Amino acid sequence: MSVQSPRRPSPAATPSSRPLRGAKPQPSSARRSVRRVSLARIGVWTAVAAGPVALLVAVGAPAPPITPPPARTTVAATSPVADPAGVAELFCDLWLRADADTDAESATVRAVRSLAPDVALPEGLRREGEVLRTTAVRSAQLKRGMWSVVVAAQFPAAPGQAEAGAGRTVRYFAVPVASSDTGNAGGFTVTGAPAEVAGPGPAEGGPSRFTTVLPGDGALAASLGEFFNAYLVGVGEVGRYLAPGTQVESVRGAGYASVAVEEVLAESEEAEGAVPADGTRIRVRVSVRATDATGGRWPLEYELSVTSRSGRWEVSGLRSGADAPVTSGPVGGAAK
């Protein structure tokens with residue numbers, strides 16, 4: 001019987017150095033280095049070439065419109081122009097009191113020279129005819145920096161002239177004034193001696209709208225008499241005669257002992273008879289005569305608005321000849 005010896009295992013197959021079929025050969029490290037260098041050179045030359053090209057494109061492209069910055073608006077500051085009326089009034093008063101014959105170095109003459117260095121002075125004036133007061137009545141700007149101011153001067157009447165009507169107690173002088181408008185306050189210089197001129201003529205007023213004469217014993221005249229006694233004399237509270245929401249302060253310190261309503265003129269006929277329906281409002285002009293403690297009589301004239309309420313007239317507005325109210329500012333509370 002034959003005995004077989006065991007087989008030895010065949011040696012394991014060693015992997016072949018040949019690449020598998022279908023597998024992509026991997027580049028070696030040397031080849032990879034060469035490729036990196038080539039790519040780097042391409043990038044450098046591309047950047048160098050792009051510089052001139054980009055410059056040419058920038059130069060050839062149309063330039064965008066340039067928007068100028070917004071213009072700065074400079075607003076000239078308008079300073080108030082000072083009126084030289086006060087300077088002209090002061091100068092005229094000093095000039096009429098100065099006398100070149102009496103004392104050329106007096107305080108009055110020096111004051112005149114400070115306002116008008118080269119003006120001629122009066123000579124030989126009568127001291128009893130010295131000016132009482134001066135008042136500027138009109139200012140006119142002839143051109144930039146040049147003014148003409150008319151000043152009224154009041155003189156005492158000379159003995160014997162007042163009875164005969166001779167001589168003028170009020171005379172008018174036009175004073176030329178130059179203005180520098182320095183420092184918003186005005187620098188003024190009188191440029192010549194005053195020129196005596198004619199005074200302003202009377203102005204013609206329009207027709208009055210108060211055409212209805214109200215009876216002196218009517219309801220409105222009686223209400224106004226009570227109001228003026230409280231307003232001017234202080235008899236009772238003035239608030240009793242005011243419409244609700246009206247505020248009028250009574251006159252204090254005038255020294256009137258009594259007051260009487262002399263005439264009432266209305267703009268309509270609604271106040272002639274009985275008191276009309278509540279809320280009727282009219283305007284009236286009232287002439288009163290106030291008597292002071294010494295017996296002096298003062299003719300005064302007022303323009304008022306009156307409103308009917310609860311069978312009587314109440315003062316709802318007090319005016320002094322013009323349309324400007326003497327008092328303003330409604331307050332709460334009804335008149336009692």
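Numbering of residues begins at 1 and proceeds along the displayed sequence. Owing to the predicted nature of the structure, the values given are computational and were not obtained by experimental measurement.
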Check your understanding: Looking only at atom types and distance, does a side-chain atom of S308 sit under 3.5 Å from a main-chain N or O of T280, one as donor and one as acceptor?
Key -> yes
Practice item. Dump the intermediate steps for side chain to side chain contact (heavy atoms under 4.5 Å, CB included) on R97 and V131, then the final yes or no. Key: CA-CA 7 Å; R97 299 177 190 277; V131 63; 3.8 Å; yes
Exercise for review: Please answer whether the main-chain N or O of G225 pairs with a side-chain N or O of N229 as donor and acceptor at a distance below 3.5 Å.
Suggested key: yes
Practice item. First locate atom OG of S305, then atom CD of E314, and finally report the distance between them rounded to the nearest 0.5 Å. Key: 13.5 Å
Review point. For the residue pair G311 and D278, what are the closest heavy atoms and their distance?
Key: N-OD1, 4.1 Å
**Study point:** Heavy-atom closest pair, residues R171 and F155
**Key:** CD-CE1, 3.6 Å
Review point. Can F173 be reached from V112 by stepping across I, L, V, M, F, W or Y side chains whose heavy atoms are under 4.5 Å apart?
Key: yes
Review point. Does W298 reach the side chain of V259, with side-chain heavy atoms less than 4.5 Å apart?
Key: no
**Study point:** Min side-chain heavy-atom separation V286-E303 under 4.5 Å
**Key:** no
Check your understanding: Considering residues, nucleotides and ligands other than E237, do more than 12 of their heavy atoms fall under 6.0 Å from its CD?
Key -> no
Exercise for review: With rounding to the nearest 0.5 Å, note down the distance linking OG in S258 to CZ in R297.
Suggested key: 10.5 Å
Point to revise | Pairwise side-chain contact, T307 with T246, heavy-atom cut-off 4.5 Å (strictly under) | key: no
**Study point:** Test item: L132 and P156 side chains (from C-beta on) under 4.5 Å apart, heavy atoms
**Key:** yes
Practice item. Answer with yes or no whether the hydrophobic clustering places V87 together with M146; edges join I, L, V, M, F, W, Y residues whose side-chain heavy atoms lie under 4.5 Å apart. Key: no
Check your understanding: Same cluster for L220 and V213 if Ile/Leu/Val/Met/Phe/Trp/Tyr side chains link at under 4.5 Å?
Key -> no
Revision key, fill the gap. Tightest non-hydrogen contact, residues A230 and G236, listed as CB-O, 3.9 Å
Exercise for review: Let me see the working for W95 and T134 under side chain to side chain contact (heavy atoms under 4.5 Å, CB included), right down to the final yes or no.
Suggested key: CA-CA 11 Å; W95 184 79; T134 57; over 6 Å; no
Point to revise | R113 side chain vs T108 backbone, donor-acceptor pair below 3.5 Å | key: no
Check your understanding: Under 30°, 30 to 60°, or over 60°: which ring-plane class applies to F228 and Y302, parallel, tilted or perpendicular?
Key -> tilted
Review point. Where is the tightest heavy-atom contact between V109 and A98, given as atom of each residue plus distance?
Key: CG2-CB, 4.1 Å
Study note, to complete from the structure: dist L115:CG -> R110:CZ (nearest 0.5 Å) comes out at 13.5 Å
Review point. Do Q141 and S179 come within less than 4.5 Å of each other through their side chains, counting heavy atoms only?
Key: no
Output a table of donor-acceptor pairs, distance under 3.5 Å, between side-chain atoms of residues 261-270 and any protein atom two or more places apart or on a different chain; print 'none' if there are none.
{"from": "E262", "atom 1": "OE2", "to": "R289", "atom 2": "NE", "distance (Å)": "2.9"}
{"from": "E267", "atom 1": "OE2", "to": "R283", "atom 2": "N", "distance (Å)": "3.2"}

Review point. Is the backbone of V149 close enough, under 3.5 Å, to the side chain of S139 for a donor and an acceptor to pair up by distance?
Key: no
Review point. So which heavy atom on A221 is nearest to which on P215, and how close?
Key: CB-O, 3.6 Å
**Study point:** T189 side-chain N/O to A178 backbone N/O, donor-acceptor pair under 3.5 Å
**Key:** no
Review point. Would a 4.5 Å heavy-atom cut-off, applied to side chains only, mark Y231 and L318 as touching?
Key: yes
Practice item. Indicate yes or no: at least one non-hydrogen side-chain atom of W313 is less than 4.5 angstrom from one of I282. Key: yes
Review point. Out of curiosity, does V248 fall in the hydrophobic cluster containing L304 (side-chain heavy atoms, cut-off under 4.5 Å, transitive links)?
Key: yes
Check your understanding: Going by heavy atoms in the side chains, are L300 and Y256 under 4.5 Å from each other?
Key -> yes
Revision key, fill the gap. Closest non-hydrogen atoms of A193 and P176, given as atom of the first, atom of the second and distance, are O-CD, 4.0 Å
Exercise for review: Without swapping roles, check the side chain of R285 against the backbone of E301 for a donor-acceptor pair under 3.5 Å.
Suggested key: no
Practice item. Examine F91 together with F188 and report whether their ring centres are nearer than 6.0 Å. Key: no
